[in-house]
Amino acid sequence: MIATHVIASPDDPRCAELPALLEAMYAEEAAMGSPMVLAPDGGTVWLKGAGAGLERFGRIVVATDADGTVVGFAHGAVRLQPAYLSGGPVGSITHVYVAPAHRRGGHARAMVALLAEWFAMRRVERTELTVVAGNAAAAGFWKAIGFSTMLHLMARS
């Protein structure tokens with residue numbers, strides 16, 4: 001059963017489960033070659049930042065199983081393009097994660113739909129996201145729901 005919920009307040013008790021899911025996401029991405037490493041207590045630090053201004057500057061959505069346990073989350077935010085690119089609003093999907101045992105059940109698609117609804121209310125001109133280069137499953141998911149590769153992020157350490 002797919003159940004998705006918009007988190008309207010950082011005091012929502014489901015938020016307590018998000019730091020561990022974020023840490024699991026980064027661990028999986030590291031195994032795929034991502035050089036991004038969470039700081040100590042990075043999940044809690046992320047939640048504090050993402051929780052500020054919920055529904056004004058950003059949205060957190062969670063997916064729960066039949067028992068109400070959070071099995072996935074998504075976060076999106078709105079930013080403005082530079083003036084030379086119209087200055088209009090752009091939706092940024094910063095994180096989407098579903099625990100491995102709950103994948104392929106429609107949770108990610110349902111959470112992304114709630115982010116898209118929120119972006120539409122804010123009249124975003126485009127929605128952007130990044131995918132770890134070694135995550136073929138994620139790239140396939142995003143392509144299946146209408147996203148296309150626009151840029152390749154290059155980095156050097």
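Between A74 and L115, the shortest heavy-atom distance links the atoms CB-CD1, 3.8 Å. Among all heavy-atom pairs drawn from V98 and A108, the shortest one is CG2-N, 3.9 Å. Heavy-atom minimum distance, D41 versus T44: OD1-OG1, 3.0 Å. Pairing each heavy atom of L129 with each of V131, the nearest pair is CD1-CG2, 3.5 Å. C15 and P19 get closest at one heavy-atom pair: O-CD, 3.3 Å. Minimum interatomic distance between I60 and G51 (heavy atoms only, all atoms of both residues): CD1-N, 4.5 Å.
Residue pairs meeting the ring-ring contact (aromatic ring centres under 6.0 Å, His included) criterion with at least one member in residues 99-143, sequence neighbours excluded, are W142-F147.
Note that the CZ atom of R126 and the CG atom of L85 stand 7.5 Å from one another [nearest 0.5 Å]. Expressed to the nearest 0.5 Å, how far CG of L38 lies from CE of M25 amounts to 8.5 Å. To the nearest 0.5 Å, atom CZ of residue F73 and atom OG1 of residue T64 are 15.0 Å apart. Atoms CG and OG1, from L114 and T4 in turn, are 4.5 Å apart once rounded to the nearest 0.5 Å. Here the CE atom belonging to M36 is positioned 8.0 Å from the OG1 atom belonging to T130, to the nearest 0.5 angstrom. Remark: R122 CZ to E117 CD distance equals 10.0 Å, nearest 0.5 Å.
Under the 3.5 Å distance criterion, with hydrogens and angles disregarded, no donor-acceptor pair is assigned to the side chains of S9 and D12. Side-chain contact of E125 with S86: a donor-acceptor pair under 3.5 Å is present, judged by distance alone. Side-chain contact, S92 with E128: no donor N or O sits under 3.5 Å from an acceptor N or O.
Between V62 and L18 the shortest side-chain heavy-atom distance falls below 4.5 Å. Contact check for R59 versus L54: no side-chain heavy atoms found under the 4.5 Å cut-off.
I93 and V90 sit in two unconnected hydrophobic clusters of ILVMFWY residues. Membership requires side-chain heavy atoms under 4.5 Å apart, directly or through other members. Follow the hydrophobic side-chain contacts under 4.5 Å out from V6 and you reach V124 in the same cluster. Linking ILVMFWY side-chain heavy atoms closer than 4.5 Å, directly or via other members, places L22 and I7 in a single hydrophobic cluster. Hydrophobic clustering keeps V61 apart from Y97 (ILVMFWY residues linked when any side-chain heavy atoms are closer than 4.5 Å, directly or through intermediates). No single ILVMFWY cluster, assembled from side-chain heavy atoms under 4.5 Å apart, contains both M111 and L47.
Counting side-chain heavy-atom gaps under 4.5 Å among Ile, Leu, Val, Met, Phe, Trp and Tyr, M154 is found in no cluster with other residues.
Taking the six-membered ring where the residue is Trp, H75 and W46 present perpendicular rings, their angle passing 60° and hence far from 30°.
Residues forming a salt bridge (charged side-chain N to carboxylate O under 4.0 Å, His left out) with R103 (at least two apart in sequence, or on another chain): E28.
For the pair R109 (side chain) and I145 (backbone), a donor-acceptor distance under 3.5 Å is absent.
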